[in-house]
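Scroll down for the structure; my scribbles are underneath it.
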Amino acid sequence: MAPVSFDSASKRFGDTVAVSELSLEVADGEFMVLVGPSGSGKTTALRLLAGLEALSGGHIRIGERVVDDVAPRERDIAMVFQDYALYPQMSVRQNLAFGLKIRKLDKAEVDRRVREAAAFLDIEPLLARKPRQLSGGQRQRVALGRALVREPQVFLMDEPLSNLDAKLRAQTRAEIKALQRRVSTTTVYVTHDQVEAMTMGDRIAIMRDGLLEQVGDPDTVYERPANTFVASFIGSPAMSLVPFSATRHGDDLELAHGEVRLVVPVDGEVPDELVLGVRPEHALLWDADAGLVGPLEGSVDYVEALGRETFIGLSVAPGAQFVVEAEGHVRAEVGETLRFGVRPGRLHVFDAGSEQALTRL
């Protein structure tokens with residue numbers, strides 16, 4: 001086990017900057033998730049850590065050792081890929097043992113590690129099979145086992161669940177997290193799926209266009225997004241973001257978008273032009289006795305009835321849509337007009353120019 005450090009790490013491909021001065025500390029034994037859309041630089045950052053790409057600038061440390069010029073096989077890491085990367089001509093047992101034999105471990109030690117990994121991952125009955133005889137979930141367990149037997153300082157995982165169906169993906173998420181907690185190995189996990197990030201990571205590093213936008217535990221990045229990008233990327237359905245003009249009237253702030261008006265109490269300064277953000281679970285159908293901020297009125301754009309809750313998209317003005325959450329199944333027709341309000345203290349305010357978070361109202 002070892003901590004990992006990116007110190008202003010950068011990677012350029014010609015004129016394209018894939019990773020720009022990434023500085024990130026991963027604690028010993030931590031499960032860190034790099035998440036972002038395609039092209040955000042998360043996989044490139046992982047490949048830099050693995051030694052599969054050369055740095056254009058900055059440094060990377062594993063433990064106390066700077067590994068900038070260290071070959072991948074000498075970094076004491078184990079990597080799990082999206083496509084499993086199993087040897088098709090080898091049995092499961094041989095796949096698990098192959099890397100250990102290359103390292104010239106004695107046969108008894110190889111057998112011990114293979115048995116322990118197979119027992120932990122519940123793949124003992126599969127040891128004699130070839131990869132083509134396995135399901136997708138079984139292949140993923142073998143790939144995890146091959147990393148586990150290495151007993152590395154750091155696990156690296158590059159979207160390892162993307163080839164699995166939804167049910168198996170949820171099950172395997174729990175298995176990977178349980179595995180990591182048991183062995184306490186530092187893990188850096190790459191995904192584009194914010195649900196994976198929120199449910200698996202001790203902390204999450206959100207990237208966009210090669211830049212690190214925010215790092216924090218799942219609750220922090222959800223409740224206190226650093227900017228509008230993080231606010232819209234983390235959470236499903238996404239946070240509603242609507243531009244408003246602000247006018248101060250004593251202790252109150254009047255927010256305007258076209259003909260839409262909303263008055264909220266304010267403490268401190270806010271800019272004249274801002275973006276208001278609201279999570280769906282904090283926007284509720286109007287109840288005069290619920291102490292909500294509002295009311296606002298909008299036309300129904302769509303209805304998503306999911307059984308336990310219903311999400312309703314409401315347009316309050318052209319280019320201004322809020323998503324409202326209602327408990328259970330709610331009947332609403334497209335084009336119907338509904339009133340709603342927002343829980344006090346749950347209105348996120350972002351600067352319209354910089355897109356940075358300011359406060360909550």
Could you tell me whether a side-chain N or O of [X] sits under 3.5 Å from a main-chain N or O of [Y], the two making a donor and an acceptor?
X	Y	answer
Arg343	Ala283	no
His257	Pro243	yes
Asn95	Val142	no
Ser315	Ala317	no
Gln180	Met200	no
Arg73	Arg103	no
Thr187	Thr185	yes

*Given side-chain contact (heavy atoms from CB on, under 4.5 Å), test Val300 with Tyr302 step by step and report yes or no.*
CA-CA 6 Å; Val300 176; Tyr302 66 86; 5.9 Å; no

Do [X] and [Y] land in one hydrophobic cluster if side-chain heavy atoms of ILVMFWY residues count as linked below 4.5 Å?
X	Y	result
Met198	Val188	no
Val26	Met79	yes
Val67	Leu22	yes
Met32	Tyr189	no
Phe155	Val190	no

To the nearest 0.5 Å, what is the distance between [atom1] ([X]) and [atom2] ([Y])?
X	Y	atom1	atom2	value
His59	Ser23	NE2	OG	10.5 Å
Asp351	Leu274	CG	CG	8.0 Å
Arg75	Leu49	CZ	CG	7.0 Å
Phe322	Leu338	CZ	CG	14.5 Å
Glu151	Leu100	CD	CG	8.5 Å
Ser91	Lys130	OG	NZ	7.0 Å

_Listed partners of Glu30 passing salt bridge (Lys or Arg N to Asp or Glu O under 4.0 Å), at least two apart_ =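 Residues passing salt bridge (Lys or Arg N to Asp or Glu O under 4.0 Å) with Glu30: Arg203.
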
_Partners passing salt bridge (Lys or Arg N to Asp or Glu O under 4.0 Å) against Asp202 (at least two apart in sequence or in another chain)_ = Lys177

N/O donor to acceptor pairs below 3.5 angstrom from side-chain atoms of residues 225-240, sequence neighbours left out:
{"unit_1": "Asn227", "atom_1": "OD1", "unit_2": "Phe229", "atom_2": "N", "d": "3.2"}
{"unit_1": "Asn227", "atom_1": "OD1", "unit_2": "Val230", "atom_2": "N", "d": "2.9"}
{"unit_1": "Asn227", "atom_1": "ND2", "unit_2": "Glu213", "atom_2": "OE1", "d": "2.8"}
{"unit_1": "Thr228", "atom_1": "OG1", "unit_2": "Glu355", "atom_2": "OE1", "d": "3.3"}
{"unit_1": "Ser232", "atom_1": "OG", "unit_2": "Thr228", "atom_2": "O", "d": "3.1"}
{"unit_1": "Ser232", "atom_1": "OG", "unit_2": "Phe229", "atom_2": "O", "d": "3.0"}
{"unit_1": "Ser240", "atom_1": "OG", "unit_2": "Val323", "atom_2": "N", "d": "2.9"}

*Grab the two heavy atoms, one from Leu134 and one from Arg129, that are nearest each other, plus how far apart they are.*
CD2-CD, 3.9 Å

*Would Arg279 count as a cation-pi partner of Tyr222, with NZ or CZ less than 6.0 Å from the six-membered ring centre and within 45° of the ring normal?*
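Checked: cation-pi criterion met.
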
In a table with atom names and distances, give each donor-acceptor pair under 3.5 Å that connects a side chain of residues 6-17 to protein atoms at least two apart or in another chain.
{"unit_1": "Ser10", "atom_1": "OG", "unit_2": "Glu21", "atom_2": "N", "d": "2.8"}
{"unit_1": "Lys11", "atom_1": "NZ", "unit_2": "Ala54", "atom_2": "O", "d": "2.9"}

Taking atom [atom1] of [X] as the centre, does the number of heavy atoms from other residues, nucleotides or ligands within less than 6.0 Å exceed 12?
X	atom1	answer
Asp69	CG	no
Arg93	CZ	no
Gln89	CD	yes

_side-chain contact (heavy atoms from CB on, under 4.5 Å) assessment of Thr310 paired with Val303_ = CA-CA 7 Å; Thr310 299; Val303 179; 3.6 Å; yes

*Could you walk me through whether Phe98 and Met90 pass the side-chain contact (heavy atoms from CB on, under 4.5 Å) check?*
CA-CA 9 Å; Phe98 183 76; Met90 295 183 182; 3.4 Å; yes

*asked:* Show, in sequence, the C-alpha distance, side-chain angles and deciding distance for Glu175 and Arg141, and conclude whether the salt bridge (Lys or Arg N to Asp or Glu O under 4.0 Å) test is met.
replied: CA-CA 9 Å; Glu175 292 174 349; Arg141 288 183 181 176; 2.6 Å; yes

Distance-only criterion, 3.5 Å: show the donor-acceptor pairs between side-chain atoms of residues 35-44 and protein atoms not counting sequence neighbours.
{"unit_1": "Ser40", "atom_1": "OG", "unit_2": "Pro37", "atom_2": "O", "d": "2.9"}
{"unit_1": "Lys42", "atom_1": "NZ", "unit_2": "Gly36", "atom_2": "O", "d": "3.0"}
{"unit_1": "Lys42", "atom_1": "NZ", "unit_2": "Pro37", "atom_2": "O", "d": "3.1"}
{"unit_1": "Thr43", "atom_1": "OG1", "unit_2": "Asp158", "atom_2": "OD1", "d": "3.4"}

*With sequence neighbours left out, which residue pairs that include part of residues 116-128 fulfil the side-chain hydrogen bond (donor to acceptor under 3.5 Å, both in side chains) condition?*
Arg112-Glu116

*Distance only, no hydrogens: is a donor on one side chain within 3.5 Å (strictly under) of an acceptor on the other, for Glu159 and Thr191?*
no

*Ion pair present between Arg346 and Glu223, side-chain N to carboxylate O less than 4.0 angstrom?*
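A salt bridge links Arg346 with Glu223.
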
*Quick one: do Thr337 and Glu297 satisfy side-chain contact (heavy atoms from CB on, under 4.5 Å)? Show the steps, please.*
CA-CA 7 Å; Thr337 298; Glu297 191 173 89; 3.3 Å; yes

